[in-house]
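Worksheet: one structure, shown below.
Because the structure is predicted, anything quoted here is derived from the model rather than measured.
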Amino acid sequence: MTFFRHAAIVFSVVLPVMLASPVMAETVDVAACRTADSYNEPDATVKACDRVVASPTATNTEKAYAQFKRGESFYWVKRPELAIPALDAALKLDPDLNEAYLRRGWARFRTGQLAATARDFSDFLSREPDSSEAYSALGAFAFDVGGSRENALHAYERGLEINPDDFLTRLNLTLLFACRECDVKRAVAEFDRILSADRAEVAKVRYYGRRNKDDFDFYAYVVHTRARFYSDVLMYREALADADWLVAQYPALAKSYDLRADLYSDTDNHVAALADAEAALALDRFAVESPRIRLNSFLRLGRYAELLSESEKLINAGTWDQTTPYAYFYRAYVHKHFGRYDEAFHDMAEAVASDNWLARAVSSHMIKRGFLREELREAYRGPRPDTSIKEFQNGLQACVVDPECLI
């Protein structure tokens with residue numbers, strides 16, 4: 001037998017065997033997806049879980065969990081509209097993936113799909129009746145959608161009976177008491193209960209709205225929330241202590257300084273307020289409160305040239321944001337100070353027409369000074385005060401000229 005004939009026989013035998021054998025598909029690292037941190041490392045989680053979803057060797061159960069992790073990742077970066085289809089896919093593959101009902105409920109809640117939210121929360125509760133997270137979700141829904149403080153309180157308390165160390169549920173309960181007209185002592189006690197727990201354990205809690213892993217952990221988030229509460233109830237010494245702690249713990253985070261600048265401004269320490277506002281803006285030019293606080297500090301320190309310059313920079317920036325009405329508001333003070341009453345009136349009218357909070361504050365001041373009738377007080381407490389009516393405009397014009405008004 002020649003070599004070529006022998007080779008042909010061997011090949012004819014081997015070829016059918018090769019064709020009948022399954023092609024070895026590349027295996028995918030399912031564990032890398034399952035153990036990925038969707039809260040702190042959302043991008044890496046999506047990449048790892050995308051590979052599982054696309055893999056021909058992954059089971060439906062594995063793909064379902066991968067879709068769930070993708071949905072969680074999108075949710076934590078505040079993209080609930082992307083989270084929902086991933087969670088839909090997860091539940092289609094595995095209807096018994098209970099935690100996907102809760103996460104999809106929260107994603108639907110964030111996108112205003114309230115009826116669907118209620119169904120998902122109810123489904124999760126029926127599947128996990130001993131979950132404190134289920135009652136936390138029901139409490140938030142009862143308060144934010146139904147407006148029922150009583151139902152929310154009942155749900156939160158039931159959740160805390162199940163798990164007294166559910167710190168997110170306890171914070172939600174705390175906020176029901178955290179206002180001047182509410183139970184201040186109870187709020188203080190509940191804040192203290194969270195913050196007296198082991199910091200490392202509290203810090204593990206995940207919360208919606210965290211910008212990235214360098215942002216406040218949950219413990220610091222609670223401290224920040226408590227500082228705002230202390231400010232609202234005029235407990236400034238305690239609020240400043242919390243703000244000092246945040247600056248010490250998060251010196252590279254603008255909102256630590258932003259908060260303290262606001263507190264210094266409220267307590268008339270305008271030199272310190274200006275310093276912290278500038279520190280915040282050096283770290284993040286989009287710091288929420290600091291542009292306004294900086295303008296207010298210039299006014300209170302009598303630095304009118306800088307106030308005018310900074311106000312005009314903001315007005316002429318070419319973009320309109322939440323700071324722009326305040327730029328008009330503070331420029332009006334400069335015009336008033338130098339006797340340019342027409343310009344002051346124009347700027348103040350623009351400010352109050354553009355910002356409802358300013359409209360309420362200025363109208364309250366005008367009523368107090370006698371430039372608006374007392375009978376209008378309730379009307380100007382509403383969500384959208386009408387500053388265009390003739391009586392308001394006339395009162396504002398007189399107020400701008402009066403040396404005792406808007407000082």
Item to complete: Answer yes or no: is there a side-chain heavy-atom contact under 4.5 Å between N356 and P385?
Response: yes
Worksheet item: What distance separates T267 OG1 from L240 CG, expressed to the nearest 0.5 Å?
Response: 5.5 Å
Worksheet item: Rounded to the nearest 0.5 Å, what separation is found between the NE2 atom of H154 and the CD atom of E157?
Response: 8.5 Å
Fill in: Distance-minimising heavy-atom pair for L259 and A243
CD2-CB, 4.1 Å
Worksheet item: Do F392 and L372 have side chains that get closer than 4.5 Å, going by heavy atoms?
Response: yes
Worksheet entry | Pairs touching residues 46-98 that satisfy disulfide bond (SG atoms under 2.5 Å apart), sequence neighbours left out | C33-C49
Worksheet item: Between D244 and R260, is there a side-chain N and carboxylate O pair less than 4.0 Å apart?
Response: yes
Worksheet item: Is R51 salt-bridged to D29, going by a charged N under 4.0 Å from an acidic O?
Response: no
Worksheet item: Looking only at heavy atoms, what is the nearest atom pair of A227 and A239, with distance?
Response: O-CB, 3.5 Å
Discussion item. Using salt bridge (charged side-chain N to carboxylate O under 4.0 Å, His left out), reason through D88 and R104 one step at a time and then give a plain yes or no.
Written reply: CA-CA 8 Å; D88 286 343; R104 188 176 67 178; 2.9 Å; yes
Worksheet item: Quick check: does any side chain N or O of S364 sit under 3.5 Å from a backbone N or O of A361, one acting as donor and the other as acceptor?
Response: no
Worksheet item: Tell me, do F371 and N394 make a side-chain contact under 4.5 Å, heavy atoms counted?
Response: no
Worksheet item: Between S136 and S132, is there a donor-acceptor pair closer than 3.5 Å when you use the side chain of the first and the backbone of the second?
Response: no
Fill in: Test item: Y135 side-chain N/O and I162 main-chain N/O as donor-acceptor pair under 3.5 Å
no
Item to complete: Give a yes or no on whether a salt bridge exists between R360 and D355, defined as a side-chain N under 4.0 angstrom from a carboxylate O.
Response: no
Fill in: Qualifying disulfide bond (SG atoms under 2.5 Å apart) pairs with a residue from residues 159-242, counting only residues at least two apart or across chains
C179-C182
Practice prompt. Using a strict cut-off of less than 4.0 Å between a Lys/Arg side-chain nitrogen and an Asp/Glu carboxylate oxygen, indicate whether R210 and D217 qualify as a salt bridge.
Written response: no
Item to complete: Please name all residues satisfying salt bridge (charged side-chain N to carboxylate O under 4.0 Å, His left out) with R34, sequence neighbours left out, ordered by chain then number.
Response: none
Worksheet item: Donor-acceptor pair, Y39 side chain versus Y207 backbone, under 3.5 Å?
Response: yes
Worksheet item: With a 4.0 Å cut-off, would you call R292 and D262 a salt bridge?
Response: yes
Worksheet entry | Whether over 12 other heavy atoms sit under 6.0 Å from H365 NE2 | yes
Worksheet item: Could you go step by step and tell me if I367 and R373 meet the side chain to side chain contact (heavy atoms under 4.5 Å, CB included) rule?
Response: CA-CA 6 Å; I367 290 168; R373 290 179 292 122; over 6 Å; no
Practice prompt. Please report the closest heavy-atom contact between K336 and L406, naming both atoms and the distance.
Written response: CE-O, 3.7 Å
Fill in: Residue pair D94 / T61, side-chain donor-acceptor N/O under 3.5 Å
no
Item to complete: Begin from the C-alpha positions of T57 and S55 and carry the test side-chain hydrogen bond (donor to acceptor under 3.5 Å, both in side chains) through to its verdict.
Response: CA-CA 5 Å; T57 63; S55 171; 2.9 Å; yes
Discussion item. For the residue pair T45 / S38, report whether a side-chain donor-acceptor contact shorter than 3.5 Å exists.
Written reply: no
Item to complete: For the residue pair E201 and D165, establish whether any side-chain heavy-atom pair is separated by less than 4.5 Å.
Response: no
Worksheet item: Which atom names give the shortest non-hydrogen contact between F229 and A187, and what distance separates them?
Response: CZ-CB, 3.7 Å
Item to complete: Report yes if some heavy atom in the side chain of L376 is under 4.5 Å from a heavy atom in the side chain of E391; otherwise report no.
Response: yes
Discussion item. Looking only at the side chains, is there a donor atom on one of S388 and D386 sitting less than 3.5 Å from an acceptor on the other?
Written reply: yes
Response to the item:
Rounding to 0.5 Å, atoms OH (Y326) and CG (D321) come to a distance of 11.5 Å
Discussion item. So which atom in T387 and which in A359 form the shortest heavy-atom distance, rounded to 0.1 Å?
Written reply: CG2-CB, 3.8 Å
Worksheet item: Side-chain contact, heavy-atom cut-off 4.5 Å: Q67 with V53?
Response: yes
Worksheet item: Quick one: disulfide bond (SG atoms under 2.5 Å apart) pairs with a partner in residues 64-103, sequence neighbours left out?
Response: none
Worksheet entry | Carboxylate-amine/guanidinium proximity below 4.0 Å for R70 and D50 | yes
Worksheet item: Should F329 and V362 count as side-chain neighbours, where that means a heavy-atom distance under 4.5 Å?
Response: yes
Discussion item. Whether R186 and E190 form a salt bridge (side-chain N of Lys/Arg under 4.0 Å from carboxylate O of Asp/Glu) is what I want to check.
Written reply: yes
Practice prompt. Please collect all disulfide bond (SG atoms under 2.5 Å apart) contacts where either partner lies in residues 252-285, sequence neighbours excluded, each pair once.
Written response: none
Worksheet entry | F143 six-ring face occupied by R149 cation (under 6.0 Å, within 45°) | no
Discussion item. Within this structure, what is the CD-CG distance for the pair Q113 and D120, rounded to the nearest 0.5 Å?
Written reply: 9.5 Å
Practice prompt. Assess whether salt bridge (charged side-chain N to carboxylate O under 4.0 Å, His left out) is satisfied between K213 and E41, documenting all intermediate values.
Written response: CA-CA 8 Å; K213 62 183 180 181; E41 302 288 349; 2.8 Å; yes
Practice prompt. Keeping the roles fixed (side chain from S290, backbone from A287), state whether a donor-acceptor pair exists under 3.5 Å.
Written response: no
Discussion item. Testing the basics here: between Y65 and L97, what is the closest heavy-atom pair and its distance to 0.1 Å?
Written reply: CD1-CD1, 3.9 Å
Worksheet item: What distance separates I293 CD1 from Y257 OH, expressed to the nearest 0.5 Å?
Response: 14.5 Å
Item to complete: Report the distance from atom CZ of F216 to atom OG of S256, rounding to the nearest 0.5 Å.
Response: 4.0 Å
Worksheet item: Hey, is the main chain of A31 close enough, under 3.5 Å, to the side chain of T35 for a donor-acceptor pair?
Response: yes
Worksheet item: Hey, what's the ring geometry for W245 with Y219, parallel, tilted or perpendicular (30° and 60° as the breaks)?
Response: tilted
Response to the item:
Taken in chain and number order and not counting sequence neighbours, the residues that satisfy ring pair (Phe, Tyr, Trp, His ring centres under 6.0 Å) with H270 are none
Item to complete: Count the heavy atoms belonging to other residues, nucleotides or ligands that lie under 6.0 Å from CZ of R199, then report whether that count exceeds 12.
Response: yes
Discussion item. Can you confirm if the NZ or CZ of R110 lies within 45° of the ring axis of Y75 and under 6.0 Å from the centre of its six-membered ring?
Written reply: no
Worksheet item: Are any of the side-chain nitrogens in K69 or E72 under 4.0 Å away from the carboxylate oxygens of its partner?
Response: no
Item to complete: Check step by step if salt bridge (charged side-chain N to carboxylate O under 4.0 Å, His left out) holds for R79 and E81.
Response: CA-CA 5 Å; R79 296 298 303 275; E81 74 283 0; 2.3 Å; yes
Discussion item. Students often mix this up, so state it plainly: with edges at 30° and 60°, are the rings of F109 and F121 parallel, tilted or perpendicular?
Written reply: tilted
Worksheet item: Between D215 and N212, is any side-chain donor less than 3.5 angstrom from a side-chain acceptor?
Response: no
Worksheet item: Between R127 and D96, is the closest basic N to carboxylate O distance under 4.0 Å?
Response: yes
Discussion item. Could you check whether any side-chain N or O of Y333 sits under 3.5 Å from a backbone N or O of L307, counting only pairs where one atom can act as donor and the other as acceptor?
Written reply: no
Worksheet item: Does a side-chain heavy-atom distance below 4.5 Å link S311 with V334?
Response: no
Worksheet item: Are Y330 and N296 close enough that a side-chain donor and a side-chain acceptor fall under 3.5 Å?
Response: yes
